[in-house]
> 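One structure follows; several queries about it will come next.
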Amino acid sequence: MKVKRIEHIGIAVNHLEEAIRFYEDVLGLSCYGVEEVPDQKVRTAFFKVGDTKIELLESTDPEGPIGRFIEKKGEGIHHMAFAVDETAPALAEAAEKGIRLIDEKPRKGAEGLNIGFLHPKSTLGVLTEFCSDK
Ligand code: ZN
């Protein structure tokens, strides 16, 4: 597999609107999209930072993955996403190398991308996402 770049960094936040204000007022970035992803029980907001993005994640359900993450660890960096050519073979290749997967097969994430997660127990504690438009 070839990782092309860091596609985005996912950050878990308590309040999306407050978090957007920080990124806009303090860092001078501009939010170009807010999207709900029911599958992951989150609302997301996106900012471009050069070739990469910041993805803010607010939970819509305390039992969802971001709700549980914040409950355990509080707000903060949740995952790092790498752009790959195609998510399915990248997941398969990682599995072949003994990496534990959260997603055996890609699913639809924000912005219509095909995404899949590797388990942080296999990736030095960093929840790792692959994403591609294929
Ligand atoms: Zn992500």
Side-chain angles (χ1 to χ4, degrees):
M1 108 184 52
K2 176 134 186 347
V3 166
K4 297 192 284 191
R5 63 180 196 285
I6 294 175
E7 215 280 339
H8 62 268
I9 294 171
I11 298 174
V13 302
N14 282 324
H15 303 290
L16 201 60
E17 276 67 30
E18 275 175 31
I20 289 171
R21 234 175 291 132
F22 168 77
Y23 282 88
E24 292 194 329
D25 296 351
V26 180
L27 299 187
L29 299 171
S30 68
C31 176
Y32 69 89
V34 172
E35 185 185 344
E36 184 159 348
V37 187
D39 181 49
Q40 288 167 73
K41 301 183 166 66
V42 290
R43 277 204 314 141
T44 64
F46 281 95
F47 301 82
K48 285 199 172 82
V49 188
D51 272 351
T52 186
K53 298 171 196 156
I54 300 289
E55 175 188 41
L56 301 181
L57 301 148
E58 176 197 66
S59 181
T60 56
D61 179 344
E63 296 305 310
I66 295 300
R68 290 199 313 261
F69 176 87
I70 287 180
E71 167 83 34
K72 260 199 267 174
K73 299 187 174 173
E75 294 179 296
I77 293 182
H78 176 258
H79 67 273
M80 179 137 70
F82 294 106
V84 295
D85 281 331
E86 204 177 340
T87 301
L91 289 171
E93 192 181 325
E96 261 168 44
K97 291 178 175 164
I99 301 300
R100 191 167 143 201
L101 305 180
I102 291 176
D103 298 303
E104 300 288 327
K105 292 207 166 72
R107 54 196 163 96
K108 282 283 172 209
E111 304 192 302
L113 295 176
N114 290 314
I115 66 164
F117 283 95
L118 311 183
H119 199 285
K121 287 232 156 70
S122 285
T123 55
L124 305 151
V126 179
L127 177 60
T128 298
E129 175 184 346
F130 290 150
C131 55
S132 66
D133 41 24
K134 279 191 264 193

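For this chain, numbers begin at 1 and follow the sequence in order. Atoms within each ligand, like the ligands themselves, are counted from 1 in listed order.
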> For distances below 2.8 Å, what is the count of protein N, O or S atoms around the Zn ion (ligand 1)?
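My tally for this metal is 4.
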
> Determine the interplanar angle of the F46 and Y32 rings, folded into 0 to 90°, and report it as parallel if under 30°, tilted if 30 to 60°, perpendicular if over 60°.
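Tilted.
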
> Quick check: do I11 and Y23 have side-chain heavy atoms less than 4.5 Å from each other?
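A side-chain contact under 4.5 Å exists here.
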
> Could you give the distance from OG (S30) to CD1 (I20), rounded to the nearest 0.5 Å?
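Rounded to the nearest 0.5 Å, the OG-CD1 separation comes to 11.0 Å.
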
> If you count every heavy atom of other residues, nucleotides or ligands that lies below 6.0 Å from D51 atom CG, does the total exceed 12?
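No, the 6.0 Å shell around CG holds no more than 12 heavy atoms from other groups.
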
> Identify whether the distance between the nearest side-chain nitrogen and carboxylate oxygen of R21 and E17 falls below 4.0 Å.
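The answer is no: the pair does not qualify as a salt bridge.
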
> Quick one: do K4 and D85 make a salt bridge, cutoff under 4.0 Å?
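Looking at K4 and D85, the cut-off is met.
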
